[in-house]
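One structure is given here, and the rest of the page talks about it.
When reading the values below, keep in mind they use all heavy atoms of this one structure, side chains included, and skip hydrogens, waters and symmetry mates. Remember, predicted model here, so these are calculated numbers, not experimental data.
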Amino acid sequence: HQGQATWYLLDTPLVNCSYETPSLPAYYGAMNTAQYADSAICGACVRVKGPKGSVDIQIVDQCPIGTNPICYSGHIDLNPAAFEKIGDPVDGIIPIEWSLIDCEPKQHISYRIKEGSNPYWAGVRLRHHRYAIDKLEVEESPNQYVEVPRESYNYFVKTDGMGEGPLTFRVTDIYGQQVIEKNVPFNPGQEHEGSKQFPTCDGK
């Protein structure tokens, strides 16, 4: 992809992908609205090349075109540390090329049950996945999975609930790889590290 990069300062406790600000990596970015795709890109890793070199970042936020017209397709808003790797902050806007890369996670995929969830309404956020998530399904009966819709704030929400748990999820990444995670505890407001991770895709 080709586009432009700017930089921004973050002053909120949560980013658009619903990650806690103190937990963000050293280098991160906000994707333009079109390619943010209602949070589909959340957690993906990107290699950004600019005038001074390249930097690997994680997409954790949205650059909203509604309030920032420059955030058209191809654009990424970087945190200052990432921007300084590839350009001069004084310039403000620089040309870039970028592509998706392996995130190289240091742990298994984690599952966070949203605060306020109950057996009749529940949300779950995934994190630490190697590649962007295409689909999340929850097992409702033995070997019978139902897809859970994804909200723009990066929680998968089932408005009629997921039951009392423990839960079994089937997760599909953007390359079609799947993992099945069993016995995820239903503990609203808490994050559970699973036992599975997507394998590395050759050439990705």
Next on the checklist: side-chain contact (heavy atoms from CB on, under 4.5 Å), that's the test. Do Ile133 and Val171 meet it? Break it down for me.
Outcome noted: CA-CA 7 Å; Ile133 301 299; Val171 189; 3.5 Å; yes

Next on the checklist: Is there a side-chain contact (heavy atoms from CB on, under 4.5 Å) between Ile94 and Phe83? Walk through the geometry before answering.
Outcome noted: CA-CA 9 Å; Ile94 58 174; Phe83 192 96; 3.8 Å; yes

Is the backbone of [Y] close enough, under 3.5 Å, to the side chain of [X] for a donor and an acceptor to pair up by distance?
X: Asn79; Y: Tyr28; answer: yes
X: Gln4; Y: Gly74; answer: no
X: Asp61; Y: Gly29; answer: no
X: Ser18; Y: Asn154; answer: no
X: Thr21; Y: Pro13; answer: yes
X: Gln197; Y: Arg130; answer: yes
X: Gln177; Y: Pro199; answer: yes
X: Asn32; Y: Cys63; answer: no
X: Tyr36; Y: Ser152; answer: yes

Item to check | Intermediate values then yes/no, side-chain contact (heavy atoms from CB on, under 4.5 Å), Arg127 and Arg112 | outcome: CA-CA 8 Å; Arg127 198 169 182 186; Arg112 187 180 192 277; over 6 Å; no

Is there a side-chain contact between [X] and [Y] in this structure, where contact means two heavy atoms from C-beta onward sitting under 4.5 Å apart?
X: Val146; Y: Lys158; result: yes
X: His129; Y: Phe198; result: yes
X: Glu181; Y: Ser195; result: yes
X: Thr168; Y: Arg170; result: no
X: His75; Y: Thr6; result: yes

Tell me whether [X] shares a hydrophobic cluster with [Y], the cluster being built from Ile, Leu, Val, Met, Phe, Trp, Tyr side chains joined at under 4.5 Å.
X: Val179; Y: Val184; value: yes
X: Tyr19; Y: Leu136; value: no
X: Val90; Y: Tyr8; value: no
X: Val15; Y: Ile59; value: no
X: Ile96; Y: Leu100; value: yes

Nearest 0.5 Å, what's the [atom1]-[atom2] distance between [X] and [Y]?
X: Asp102; Y: Tyr131; atom1: CG; atom2: OH; answer: 4.0 Å
X: Gln2; Y: Ser99; atom1: CD; atom2: OG; answer: 11.5 Å
X: Ile109; Y: Leu126; atom1: CD1; atom2: CG; answer: 6.5 Å

Identify the two heavy atoms, one from [X] and one from [Y], that lie closest to each other, and give their separation to 0.1 Å.
X: Ala82; Y: Ile57; value: CB-CG2, 3.9 Å
X: Ala5; Y: Leu78; value: CB-CD1, 4.1 Å
X: Ala81; Y: Ala26; value: CB-O, 4.0 Å
X: Lys114; Y: Ser117; value: O-OG, 2.8 Å
X: Pro80; Y: Trp7; value: CG-CE3, 3.9 Å

Identify every side-chain donor-acceptor pair in residues 39-53 under 3.5 Å, counting partners at least two apart or on other chains, and give the distances.
unit_1, atom_1, unit_2, atom_2, d
Ser39, OG, Arg150, NE, 3.3
Ser39, OG, Glu151, O, 2.8
Arg47, NE, Asp56, OD1, 2.7
Arg47, NH2, Asp56, OD2, 2.9
Lys52, NZ, Glu84, O, 3.1

Next on the checklist: Are there over 12 heavy-atom neighbours, none belonging to Lys85, within less than 6.0 Å of that residue's NZ?
Outcome noted: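 Open.
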
Checklist entry - Within a reach of under 6.0 Å around CD of Glu115, are more than 12 heavy atoms found that belong to other residues, nucleotides or ligands? => result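 Buried by this count: over 12 neighbours within 6.0 Å.
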
Checklist entry - Tell me, which pairs form a ring-ring contact (aromatic ring centres under 6.0 Å, His included) where one or both residues lie in residues 104-123, sequence neighbours left out? => result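 ring-ring contact (aromatic ring centres under 6.0 Å, His included) check on residues 104-123 returns Tyr111-Phe169.
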
Item to check | Worked check of side-chain contact (heavy atoms from CB on, under 4.5 Å) between Met162 and Ile113 | outcome: CA-CA 11 Å; Met162 302 181 188; Ile113 305 300; 5.7 Å; no

Checklist entry - Where does the angle between the aromatic ring planes of His1 and Trp98 fall among parallel (under 30°), tilted (30 to 60°) and perpendicular (over 60°)? => result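 Judged by the thresholds at 30° and 60°, the geometry between His1 and Trp98 is parallel.
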
Next on the checklist: Against Thr172, only a single residue in Lys135, Glu137, Gln178 fulfils side-chain hydrogen bond (donor to acceptor under 3.5 Å, both in side chains); can you say which?
Outcome noted: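 Exactly one pass, corresponding to Gln178.
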
